[in-house]
Amino acid sequence: PGDHILIRCTGLGAVTPSLLEGAAAPGSPPTTVNPVTLTIGAVNVPVDFAGLISGLAGVYQVQATLPAGVPSGPAPFVLTAAGQSSNPVTAVIQ
């Protein structure tokens, strides 16, 4: 608990401020328009930031802090934005 995690992904949708399609994100990266949620196992994990990565086009970064109650061992990570959930990705928490 208290450790920070960083997830890089694609497909989180529109950002604000908006960018031209294919344009690299500026130094102050745009954030997602729709809220992004993260679940690890059955635990909701607060998302600290969800937006594009500066200098890259179409690559998002989700930053979160692990709360108490996240089980150790293998667990499925699922991101949800605009009512659409990602496929689960299993990672090991130690």
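In terms of modelled atom types and a separation under 3.5 Å, the side chain of S54 and the main chain of G27 share a donor-acceptor contact. Using a distance-only test at 3.5 Å, with no hydrogens or angles considered, a donor-acceptor pair links the side chain of Y60 to the main chain of G13.
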Please tabulate, for side-chain N and O atoms in residues 14-22, each donor-acceptor pair with protein atoms closer than 3.5 Å (sequence neighbours left out).
none

Exercise answer: donor-acceptor pairs, residues 41-49 side-chain atoms, under 3.5 Å, sequence neighbours excluded:
unit_1 : atom_1 : unit_2 : atom_2 : d
D48    : OD2    : T65    : N      : 3.4
D48    : OD2    : T65    : OG1    : 2.7

Legend entry - Verdict with supporting geometry, V78 and N87, side-chain contact (heavy atoms from CB on, under 4.5 Å): CA-CA 7 Å; V78 176; N87 291 325; over 6 Å; no
Inset, instruction - Could you walk me through whether C9 and L79 pass the side-chain contact (heavy atoms from CB on, under 4.5 Å) test, one step at a time? - result: CA-CA 10 Å; C9 59; L79 290 172; 3.9 Å; yes
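The distance from the CD atom of Q61 to the CG atom of L52 is 10.0 Å, given to the nearest 0.5 Å.
Heavy atoms from other residues, nucleotides or ligands lying under 6.0 Å from CD of Q63 number more than 12.
Scanning both residues, A64 and L38, for their nearest heavy atoms gives CB-CD2, 3.9 Å.
The side chain to side chain contact (heavy atoms under 4.5 Å, CB included) with F77 is formed by just one residue from the set I5, T90, T39; it is I5.
In this structure, I93 and V70 have side chains that are in contact, with non-hydrogen atoms separated by less than 4.5 Å.
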